[in-house]
Amino acid sequence: MKEDKIEEEPKQQKVETNPQPSLQEAIKEQAREDEAAQSSTFTLRKILGGDFLTAEMLRRQIGVILLIVLFVIIYISNRYSCQQKLLEIDKLNVELQDAKYRSLSSASELTERCRESNVLEMLRNNKDSVLKIPTLPPYIIEVP
């Protein structure tokens, strides 16, 4: 029996050391070759050529890349929003200036019409008015 076991062991070793790798092992080996780490020295040629963007590096840094993209989108949207608000503020400032000028013009016109000399002139020109220009100065009536 011991001889049978001794003979069986070399056969099992031969089976395990099969010269042709299985399909899974071949795929794993090929995947490892494609994703093999390149030289750690990045030259300008490698950076401009895009050789440093390997699948392994992108897979490791996908979180950072997504975070950067998110920050860029937030930055762009914030800048657009600020520009829209600045345009609205400019438009409202122009409207405010316009309203101030109209108010000033109306106030000066009202002041001019309410002057005593202009009121007296209007009373003289209007013949059917019962109002007359006073000839006596005003006086104070005291009530006991």
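Just so it is clear, the model here is predicted, and its values are computed rather than measured. All values below were derived from every heavy atom in this structure, side-chain atoms included, with hydrogens, water molecules and symmetry-related copies excluded.
Under the 4.5 Å side-chain heavy-atom criterion for ILVMFWY residues, no single connected hydrophobic cluster contains both L110 and M122. Y80 and F71 fall into different hydrophobic clusters, where Ile, Leu, Val, Met, Phe, Trp and Tyr are joined by side-chain heavy atoms under 4.5 Å apart, directly or via other members.
If you run side-chain contact (heavy atoms from CB on, under 4.5 Å) between L70 and each of I74, L66, I73, only I74 comes through.
Under a 3.5 Å cut-off, the side chain of S103 and the backbone N or O of A99 do not form any donor-acceptor pair. Between the side chain of S105 and the backbone N or O of Y101, no donor-acceptor pair lies under 3.5 Å.
Applying the 6.0 Å contact sphere to CZ of R79 captures no more than 12 heavy atoms from other residues, nucleotides or ligands. Residue Q84 qualifies as enclosed at atom CD: its count of foreign heavy atoms under 6.0 Å is above 12.
E95 CD to N93 CG: the interatomic distance, rounded to the nearest 0.5 Å, is 10.0 Å. A distance of 14.0 Å separates CG of L86 from NZ of K91, quoted to the nearest 0.5 Å. Rounding to the nearest 0.5 Å gives a distance of 12.5 Å between CG of L92 and CD of Q97. Atom CG of residue N126 and atom CD of residue E121 lie 12.0 Å apart, to the nearest 0.5 angstrom. Put simply, CD1 on I68 and CD on Q61 are 9.0 Å apart, with the number rounded to the nearest 0.5 Å. We find the CG-SG distance between L87 and C82 to be 11.5 Å, quoted to the nearest 0.5 Å.
No side-chain heavy atom of L104 sits under 4.5 Å from any side-chain heavy atom of S108.
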